[in-house]
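Below is one structure, written out as structure tokens, with a few remarks after it.
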Protein chains: 2
Amino acid sequence: MADPPTRSEPTTPRKTSEPPGPRLSRALILDRAIRLIDAQGVTALTMRALGASLGVEAMSLYRYVNGREDLLEGVVEQLVGSIEVEPGERMEPNDGWQAFLQWFAHDVRRLALEHPAAFPLIATRHPAAPWLRPPLRSLRIVEAFLNGLRERGFTDHQAVTAYRSFSSFLLGHLLLECAMSCVGTSFAEEPVDEGNADLPNDDAQLDLTDYPTVARLQPQLTEDHTRAEFEEALEHLLVRMDLEMSQ
Amino acid sequence: MADPPTRSEPTTPRKTSEPPGPRLSRALILDRAIRLIDAQGVTALTMRALGASLGVEAMSLYRYVNGREDLLEGVVEQLVGSIEVEPGERMEPNDGWQAFLQWFAHDVRRLALEHPAAFPLIATRHPAAPWLRPPLRSLRIVEAFLNGLRERGFTDHQAVTAYRSFSSFLLGHLLLECAMSCVGTSFAEEPVDEGNADLPNDDAQLDLTDYPTVARLQPQLTEDHTRAEFEEALEHLLVRMDLEMSQ
DNA sequence: ACCTGAACACCGTTCAAGT
DNA sequence: ACCTGAACACCGTTCAAGT
């Protein structure tokens, strides 16, 4: 903790190219783990690989992290922690709850798109309590979510109901969007086979002869409208909430 | 492929208690793998454990399965294959598209609730093509889905749009429902610590002192209304589709 | 044809030992 | 206090060898 930020790099350089490295720390380890997941996928996040990427042996990590499960838990915590919870300056406090939810939704979406390889962890790892729903799975965020809505006129019951439907909405849309953005990225478990590189991309060689409708509609199925779908579905969710509130 | 279905079971019994076992086969292996996942979770599905549960060494599996990745792929395929795609007798062919989608949604939900531990695989493993969206991620199902809607009056474009919004809806709701039903089941990575069993269940000991609103609303947050939420959200999705079609 | 023993590379994890 | 070497149990996978 009491480390000089950057002197003239007196730290003894080790064998591989690690950063100047103000020694090890849990935060540093989690940061590096997230970067590793982003670059190579979750399965590449190995205690040994993570250690090596920090210029250290795997065993050193166990001082700061309680095993691999705890490491992944920490990664999720760190990522979810990056969700802004206090509306910034761009958000007037007297804007309605619709603006609040719009802003919230887009902040979670930003997180998902920045870390598409890590988002499935946020989505599928068991939360601390069963009523903490991914991706809004931290007490801090749920508290802010509920308060944000109550300050804007929601009753207790309406806020809780909104938390539920909002979670489902975010989970479904963002997980799909991540799945699509992960295909074709550096997710190949094995290095790309260059021998038969005459196959341009890996989705064209599906045999569609038995599925005429899919074959006919493939161009339209291939179009990516995830952004627009997200906005539309969000808009409709807000309309739906509005209807349910006034009844 | 050309195997006698069931004779008088002449197969020699081996050491442990495995079923009469008409020899090994890919289908038998996948069945057993699914049962193992249901009972102990995905991480417990090990080549060695799976082999042992079939009364065989792990290496034998490699005759029928192309490694663990292929095994998991086969599990997903098998599960998705269990989704009925031709409306049964209960469904009149002249029922509207709403009835068709209702029936379809509930069949996928049945699959998710029958295999809550396996559903995250269906949800997050990369599909064969990026435009095949979980959980409707097989050509057979997409073909049936599109045809089912077209036979009931959808245009091509409307059917494709419906496929997209329907996938997001199912994914979000069912994944959340699975997460909730997996908490507290046989998902403990380690055998439950019986030493300090004075903690009744594992969600009560969260420190809520810094989160007054969550603390106050915890009873309502804990209520499980997943079933009703599913039905309501589905109803609203259908209404929304109806509106968009007539405009 | 179908299964296995032995072996290899890699993984998570522990712990006594180094500095 | 912080890191490491050595070791252990377990994993996926290959392959020559058994029957």
Side-chain angles (χ1 to χ4, degrees), chain A residues 1-4 10-16 18-30 32-33 36-37 40-75 121 125 188-191, chain B residues 1-4 10-16 18-30 32-33 36-37 40-75 121 125 188-191:
Chain A
M1 290 302 181
D3 43 17
T11 52
T12 64
R14 296 177 197 272
K15 36 192 167 180
T16 59
E18 74 272 19
R23 223 51 171 269
L24 236 41
S25 77
R26 183 167 170 110
L28 205 160
I29 289 174
L30 293 182
R32 200 60 163 217
L36 242 170
I37 293 176
Q40 323 221 46
V42 182
T43 59
L45 180 62
T46 268
M47 297 301 278
R48 291 171 140 104
L50 179 56
S53 131
L54 287 160
V56 114
E57 301 298 318
M59 309 70 118
S60 313
L61 305 174
Y62 286 80
R63 288 225 150 250
Y64 307 91
V65 140
N66 224 338
R68 188 170 191 260
E69 284 306 293
D70 182 53
L71 172 68
L72 293 177
E73 214 51 60
V75 163
L121 287 180
R125 285 188 66 84
E189 305 288 335
E190 74 267 42
Chain B
M1 291 300 181
D3 44 16
T11 53
T12 65
R14 294 178 198 276
K15 36 191 169 181
T16 58
E18 73 274 17
R23 223 51 172 269
L24 236 42
S25 77
R26 182 164 171 114
L28 204 160
I29 289 174
L30 293 182
R32 199 61 163 217
L36 242 170
I37 293 175
Q40 322 220 46
V42 182
T43 58
L45 179 63
T46 266
M47 298 300 279
R48 290 172 141 102
L50 178 56
S53 131
L54 286 159
V56 113
E57 301 297 319
M59 311 70 122
S60 313
L61 304 174
Y62 286 81
R63 289 225 150 249
Y64 308 89
V65 140
N66 226 336
R68 189 171 191 259
E69 284 305 294
D70 182 53
L71 172 68
L72 294 177
E73 213 51 59
V75 164
L121 287 180
R125 285 188 67 84
E189 305 288 335
E190 77 264 41

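Labels below follow one simple rule: chain letters A, B, ... track the order of the sequence lines, proteins then strands, and each chain is numbered from 1. Side chains included, hydrogens not; waters and symmetry mates left out as well; all remaining heavy atoms used.
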Requested in this report: Taking the side chain as every heavy atom from C-beta outward, state whether A/Asp70 and A/Arg26 have any pair of such atoms under 4.5 Å apart.
Outcome: yes
Report task. Drop me the distance from A/Arg68's CZ to A/Glu73's CD, to the nearest 0.5 angstrom. Result -> 12.5 Å
Report task. Examine distances only and state if a side-chain atom of A/Arg32 and a backbone atom of A/Ser53 form a donor-acceptor pair shorter than 3.5 Å. Result -> yes
Query - Heavy-atom closest contact (A/Leu30 atom, A/Val75 atom, distance) - result: CD2-N, 3.9 Å
Query raised in the report: What distance separates A/Leu36 CG from A/Ile29 CD1, expressed to the nearest 0.5 Å?
Result: 12.5 Å
Requested in this report: Using atom types as modelled and distance alone, determine if a side-chain donor or acceptor of B/Ser25 lies under 3.5 Å from a backbone N or O of B/Leu28.
Outcome: yes
Report task. Drop me the distance from B/Ser60's OG to B/Leu24's CG, to the nearest 0.5 angstrom. Result -> 6.5 Å
Query raised in the report: Counting just side-chain N and O atoms, does B/Ser60 come under 4.0 Å of either OP1 or OP2 of C/dC2?
Result: no
Report task. Using a 4.0 Å heavy-atom cut-off, write out nucleotides 12-19 of chain C from 5' to 3' as B (base contacted by protein), S (sugar-phosphate only) or - (no contact). Result -> BBB-----
Requested in this report: Answer yes or no: is there a side-chain heavy-atom contact under 4.5 Å between A/Leu71 and A/Leu61?
Outcome: no
Query raised in the report: Taking CD1 from A/Ile29 and P from D/dC2, how many angstroms apart are they, rounded to a whole number?
Result: 12 Å
Requested in this report: Please tell me which of the listed nucleotides, C/dT4, D/dT4, D/dC2, lies nearest to the side chain of A/Tyr64?
Outcome: D/dC2
Query raised in the report: Which stems does DNA chain C form, counting runs of 3 or more consecutive Watson-Crick or G-U wobble pairs with both distances under 3.5 Å?
Result: C:4-8 with D:12-16, C:12-16 with D:4-8
**Report entry** Rounded distance in Å - CD (B/Glu57) to C1' (C/dA7)
**Finding:** 15 Å
